[in-house]
Amino acid sequence: MEKLKRDFYETDGVSLSQKLLGKRLVHIVDGERLSGIIVETEAYMGSLDKGAHSYRGKTERNKVMFGPSGFAYVYFIYGLYYCFNVVANKEDIPQAVLIRAIEPDEGLDSISLNRYKKSYESLTKKEKLNLTSGPSKLCTALKIDKSLNGCDLLSDILFIENTNKNDIKIKSAKRIGIDYAEEAKDFLWRFYDEKSPYVSKKVK
DNA sequence: CTACGGATCGTCT
DNA sequence: GACGATCCGTAGC
């Protein structure tokens, strides 16, 4: 399926979060496609959002968010993990979409090795569901790290493709892990496909 | 099922 | 010097 073009990303973060559900995130590693269908996202809305890294302005870490849309913002967190975001909107409007969960699609054995150091077929049912059901789990699974920060998603290394998926039931919920964000912590800016078992956390 | 603590370090104050 | 857009293992109910 064709790669999403720049204009797909040139919209606000909340809209893009919903548009990205059902699309396929692809990372080419040693010539192999590692991919998954996006099933959970969160919007981070710059100066409107006390939960966003970009709320207090541009820094060395968050500068990619201030650039044009359709680029990868990858950051390191808790001394151990990476999180992957898609930059939304336009230059100087620092909004982004955190990809929180995907459904593993291509390169299952490599994905399984990256996460559990064993083959896909040897995983338990629980381990299979746990491969990519969180923002840092999916980065480990698809080998996404800080070297991809600032990568253009119209490149041939890391990109997002259209799919034929049309049976998505979008649910909105509060975002996770931003209890410090005052009023913004209650904004319903997390979106997920209610039908997917790969979502990190469902409401009730 | 929920609750909590440890791991571990780049980034910002 | 403090802390985080997380994850995992353990403990208790």
Side-chain angles (χ1 to χ4, degrees), chain A residues 12-18 20-21 25 36 38-67 69 71-89 93-104 111-118 123-151 171-192 197-204:
Chain A
D12 68 275
V14 171
S15 301
L16 184 60
S17 296
Q18 294 165 83
L20 282 171
L21 294 175
L25 173 63
I38 297 170
V39 298
E40 181 181 357
T41 58
E42 278 179 3
Y44 285 88
M45 297 293 282
S47 57
L48 308 171
D49 181 5
K50 287 178 182 160
H53 288 167
S54 52
Y55 178 69
R56 289 182 176 78
K58 194 189 283 191
T59 67
E60 186 57 32
R61 176 177 67 158
N62 69 21
K63 63 185 180 187
V64 177
M65 280 180 85
F66 287 77
S69 65
F71 283 75
Y73 169 46
V74 182
Y75 64 88
F76 186 56
I77 187 72
Y78 296 115
L80 290 170
Y81 302 112
Y82 296 99
C83 290
F84 167 72
N85 294 251
V86 176
V87 176
N89 221 304
I93 312 254
Q95 302 179 349
V97 177
L98 171 68
I99 307 301
R100 282 198 57 89
I102 62 178
E103 172 176 341
I111 284 173
S112 179
L113 286 173
N114 293 339
R115 283 275 291 145
Y116 288 111
K117 309 241 180 285
K118 50 188 187 179
L123 299 182
T124 64
K125 195 169 179 179
K126 194 172 177 177
E127 285 172 329
K128 286 179 183 172
L129 285 173
N130 200 34
L131 282 172
T132 54
S133 56
S136 298
K137 295 178 195 175
L138 70 90
C139 284
T140 303
L142 296 198
K143 265 187 158 25
I144 294 172
D145 64 22
K146 195 129 190 267
S147 69
L148 292 168
N149 186 40
C151 182
K171 177 94 178 165
S172 62
K174 291 180 186 180
R175 293 174 294 172
I176 292 174
I178 52 162
D179 288 346
Y180 59 84
E182 301 179 13
E183 79 282 351
K185 79 176 165 40
D186 294 322
F187 295 169
L188 301 177
W189 285 349
R190 183 163 70 94
F191 302 94
Y192 61 85
Y198 294 91
V199 169
S200 70
K201 190 179 180 197
K202 296 193 181 181
V203 174
K204 287 175 192 169

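Chain letters run A, B, ... following the sequence lines, proteins first and then strands; every chain starts at 1.
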Taking [X] for its side chain and [Y] for its backbone only, find out whether a donor-acceptor pair lies under 3.5 Å.
X        : Y        : answer
A/Asp186 : A/Lys174 : no
A/Glu182 : A/Lys50  : no
A/Glu42  : A/Ile176 : yes
A/Glu40  : A/Ala101 : no
A/Asn62  : A/His53  : yes

* **Euclidean distance, A/Arg190 CZ relative to A/Ile178 CD1, rounded to 0.5 Å** =>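 So the gap between those two atoms works out to 10.5 Å.
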* Only one of A/Val14, A/Ile38, A/Leu16 passes side-chain contact (heavy atoms from CB on, under 4.5 Å) with A/Val97; say which it is. => A/Leu16
* To do: Check side chain to side chain contact (heavy atoms under 4.5 Å, CB included) between A/Ala52 and all other residues, then give those that pass, not counting sequence neighbours.
  =>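 Checked A/Ala52 against side chain to side chain contact (heavy atoms under 4.5 Å, CB included); matches are A/Tyr44, A/Asp49, A/Ser54.
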Please table the atom pairs, donor to acceptor, closer than 3.5 Å between any side-chain atom in residues 130-142 of chain A and protein atoms at least two apart or in another chain.
| residue | atom | partner | partner atom | Å |
| --- | --- | --- | --- | --- |
| A/Asn130 | OD1 | A/Lys137 | NZ | 2.6 |
| A/Asn130 | ND2 | A/Tyr116 | OH | 3.0 |
| A/Thr132 | OG1 | A/Ile102 | O | 2.6 |
| A/Ser133 | OG | A/Leu129 | O | 3.3 |
| A/Ser133 | OG | A/Lys137 | NZ | 3.2 |
| A/Ser136 | OG | A/Tyr82 | O | 2.9 |
| A/Thr140 | OG1 | A/Ser136 | O | 3.1 |

* **Structure string for DNA chain C in dot-bracket form, Watson-Crick and G-U at under 3.5 Å, | interchain** => ||||.|||||||.
* Spell out protein contact along nucleotides 4-10 of chain C as letters: B when the base is contacted, S when just the sugar-phosphate is, - when no protein heavy atom is under 4.0 Å; keep the 5' to 3' order. => BBBBS--
* Which part of the nucleic acid, if any, lies within reach of A/Lys146 when heavy atoms closer than 4.0 Å are counted: base, sugar-phosphate only, or nothing? -> sugar-phosphate
* Please collect all side chain to side chain donor-acceptor pair (under 3.5 Å) contacts where either partner lies in residues 141-151 of chain A, sequence neighbours excluded, each pair once. =>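 For residues 141-151 of chain A, and leaving out neighbouring residues, the side chain to side chain donor-acceptor pair (under 3.5 Å) pairs sorted by first residue read A/Asp145-A/Ser147.
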* Positional range of nucleotides in DNA chain B within the contact set of chain A, heavy-atom, under 4.0 Å -> B/dA7 to B/dC12
